[in-house]
Amino acid sequence: MTSIADLRKSYERAELDEQASHPDPLQQFDRWLQEAIQSEVPEPNAMTLATVGSDLRPSTRVVLIKGFDPRGIVWFTNYESRKGRALAGNPYAALQFHWVELERVVRIEGVVEKVSDEESDAYFHSRPLDSRIGAWASPQSEVIPGRTVLVTNAAKYAAQFLLQPPRPPHWGGYRLKPDQWEFWQGRKSRLHDRLRYSQGTDSSWLRERLAP
């Protein structure tokens, strides 16, 4: 059996330098995300969300990006989940994309706010029916005695709402407004490329290289 400590990988696919990167981190992110999608990497829209609760314990989970623009990065979830409770008490969070096949990581930090009801309604009603019913059926992050609870709830709400379930009041979107980005490109000999973008008081971006 191979020892975990002996696992090695040489990163040699690409490079990232100040001249080739975009001065706007959102544009650089868009470029890399589109390349991940076109390369057909598994779930290029998956991102790790890190929050810190009132007990000061950090927690991570994988969520899916559903949109982005100059206002920030958007995802949707249950507001009463563990991450929702954490964000209600501490709105600062971090996101991370890891596109293994491209040897790339994007890290994003900033403050989080709920999107408008109109945005949440529009996305909710674009989801498949089973997903809309699931938003009602799952008391996310609560202890349940078994899967039967979920199946029973799903059947109940499917019968109640038929083909038109409304958006649950406890479900909707969040938007992280970035104030710091980091783009990591794996390089040979562990001399990786790391570019950090930090937002100044005038909303401009300072781009700096970090040691790997």
Undergrad: As an exercise, state the distance from CD of Glu103 to NZ of Lys188, rounded to the nearest 0.5 Å.
TA: 12.5 Å
Undergrad: Treating Gln34 as the side-chain partner and Arg31 as the backbone partner, does any N or O pair qualify as donor plus acceptor under 3.5 Å?
TA: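 A pair under 3.5 Å: no.
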Undergrad: Centres of the Trp171 and Tyr79 rings: under 6.0 Å?
TA: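 No - the distance between ring centres of Trp171 and Tyr79 does not fall below the 6.0 Å cut-off.
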Undergrad: Report yes if the side chains of Phe97 and Thr48 come closer than 4.5 Å at any heavy-atom pair, otherwise no.
TA: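 Of all side-chain heavy-atom pairs linking Thr48 with Phe97, none is under 4.5 Å.
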Undergrad: Would you say the side-chain atoms of Ser131 pair up with the backbone N or O of Arg127, donor to acceptor, closer than 3.5 Å?
TA: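 No, Ser131 side chain to Arg127 backbone: no donor-acceptor pair under 3.5 Å.
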Undergrad: Ignoring hydrogens and geometry, is there a side-chain-to-backbone donor-acceptor pair from Arg175 to Val112 under 3.5 Å?
TA: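 It does not hold such a pair.
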Undergrad: Just by modelled atom types, is the Lys156 backbone N or O under 3.5 Å from a matching donor or acceptor in the Trp136 side chain?
TA: no
Undergrad: Check step by step if side chain to side chain contact (heavy atoms under 4.5 Å, CB included) holds for Val52 and Arg57.
TA: CA-CA 6 Å; Val52 177; Arg57 294 176 67 95; over 6 Å; no
Undergrad: Check whether Arg61 reaches the backbone of Leu49 with its side chain - one donor and one acceptor, N or O, closer than 3.5 Å.
TA: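 Side chain of Arg61 to backbone of Leu49, a donor-acceptor pair under 3.5 Å: yes, one is there.
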Undergrad: Tell me the side-chain hydrogen bond (donor to acceptor under 3.5 Å, both in side chains) pairs involving residues 62-74, sequence neighbours left out?
TA: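 The answer is Lys66-Tyr123, Asp69-Arg71.
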Undergrad: Tell me whether Ile133 shares a hydrophobic cluster with Leu163, the cluster being built from Ile, Leu, Val, Met, Phe, Trp, Tyr side chains joined at under 4.5 Å.
TA: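 Yes, it is one cluster - the side chains of Ile133 and Leu163 are joined through contacts under 4.5 Å.
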Undergrad: Between Phe76 and Tyr174 (judged by ring centroids, cut-off 6.0 Å), do the two rings come close enough to count as a pair?
TA: no
Undergrad: Evaluate the side-chain proximity of Gln96 to Val106: yes if any heavy-atom separation is below 4.5 Å, no if none is.
TA: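 Side-chain contact under 4.5 Å: no.
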Undergrad: Is the shortest side-chain heavy-atom distance between Pro23 and Trp205 below 4.5 Å?
TA: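 A side-chain contact under 4.5 Å is absent here.
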Undergrad: I need the His22 NE2 to Phe183 CZ distance, nearest 0.5 Å.
TA: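 The CZ atom of Phe183 is 10.5 Å from NE2 of His22, to the nearest 0.5 Å.
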Undergrad: So, do Arg104 and Trp32 sit near enough that their side-chain heavy atoms are less than 4.5 Å apart?
TA: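 When only atoms from C-beta onward are counted, Trp32 and Arg104 do touch, with a gap below 4.5 Å.
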Undergrad: Closest heavy-atom contact between Pro166 and His125?
TA: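 That closest heavy-atom pairing would be CA-CE1, 4.3 Å.
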Undergrad: Are Val63 and Val115 in one and the same hydrophobic cluster, where Ile, Leu, Val, Met, Phe, Trp and Tyr link if side-chain heavy atoms are under 4.5 Å apart?
TA: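 Different clusters.
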Undergrad: Which distance, rounded to the nearest 0.5 Å, do you find between the CD of Gln199 and the OG of Ser204?
TA: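 One finds 8.0 Å between CD of Gln199 and OG of Ser204.
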Undergrad: Is it true that a side-chain atom of Gln185 and a backbone atom of Leu102 form a donor plus acceptor pair closer than 3.5 Å?
TA: yes
Undergrad: Going by heavy atoms in the side chains, are Met47 and Leu64 under 4.5 Å from each other?
TA: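 Met47 does not reach Leu64 side chain to side chain.
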Undergrad: Can you confirm whether Gln160 is buried at CD, in the sense that more than 12 heavy atoms of other residues, nucleotides or ligands lie under 6.0 Å from that atom?
TA: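 Atom CD in Gln160 is packed in, count exceeds 12.
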Undergrad: Can you tell if the side chain of Ile108 reaches within under 4.5 Å of the side chain of Leu176, non-hydrogen atoms only?
TA: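 Touching, per the 4.5 Å side-chain cut-off.
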Undergrad: Determine yes or no for a side-chain-to-main-chain donor-acceptor pair under 3.5 angstrom, with Ser39 supplying the side chain and Glu35 the backbone.
TA: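 Yes, the answer is positive, given that a donor and an acceptor are paired below the 3.5 Å cut-off.
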Undergrad: With a 4.5 Å limit on heavy-atom distance, are the side chains of Leu87 and Tyr92 in contact?
TA: no
Undergrad: Linking Ile, Leu, Val, Met, Phe, Trp and Tyr by side-chain heavy atoms under 4.5 Å, what else ends up with Trp184?
TA: Tyr11, Val105
Undergrad: Would you indicate whether the side-chain heavy atoms of Pro58 and Thr51 approach each other to under 4.5 Å?
TA: no
Undergrad: I'd like to know if the side chain of Ser120 reaches the main chain of Gly172, judged simply by a donor and an acceptor atom lying under 3.5 Å from each other, with no hydrogens or angles considered.
TA: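 No.
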Undergrad: Identify which one of Arg194, Arg207, Arg209 satisfies the salt bridge (Lys or Arg N to Asp or Glu O under 4.0 Å) criterion when paired with Glu182.
TA: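 Exactly one candidate clears the test, Arg194.
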Undergrad: Can you get from Val100 to Leu95 by hopping between Ile, Leu, Val, Met, Phe, Trp and Tyr side chains that sit under 4.5 Å apart?
TA: no
Undergrad: Stepwise, does the side chain to side chain contact (heavy atoms under 4.5 Å, CB included) test hold for Ile65 with Trp75?
TA: CA-CA 5 Å; Ile65 183 175; Trp75 69 95; 5.9 Å; no
Undergrad: Do Lys83 and Ser59 meet the criterion of a side-chain donor-acceptor pair at a distance under 3.5 Å?
TA: no
Undergrad: How close do Phe161 and Pro165 get, counting heavy atoms only, and between which atoms?
TA: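 Minimum heavy-atom contact is CB-CA, 3.5 Å.
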Undergrad: Distance-only, no hydrogens or angles: does the Ser21 side chain make a donor-acceptor pair with backbone N or O of Asp17 under 3.5 Å?
TA: yes
Undergrad: Between Ser10 and Glu12, do the side chains contain an N or O donor and an N or O acceptor separated by less than 3.5 Å?
TA: yes
Undergrad: Apply the hydrophobic cluster definition, ILVMFWY joined by side-chain contacts under 4.5 Å directly or through others, and give me every member besides Leu150.
TA: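 ILVMFWY cluster around Leu150 also holds Ile144, Val149.
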Undergrad: Working to the nearest 0.5 Å, report the span between CZ of Arg8 and CZ of Arg190.
TA: 7.0 Å
Undergrad: Hey, what do you get for CG (Asp24) to CZ (Phe29), rounding to the nearest 0.5 Å?
TA: 12.0 Å
Undergrad: Treating Arg187 as the side-chain partner and Leu191 as the backbone partner, does any N or O pair qualify as donor plus acceptor under 3.5 Å?
TA: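 Between the backbone of Leu191 and the side chain of Arg187 there is no qualifying donor-acceptor contact (under 3.5 Å).
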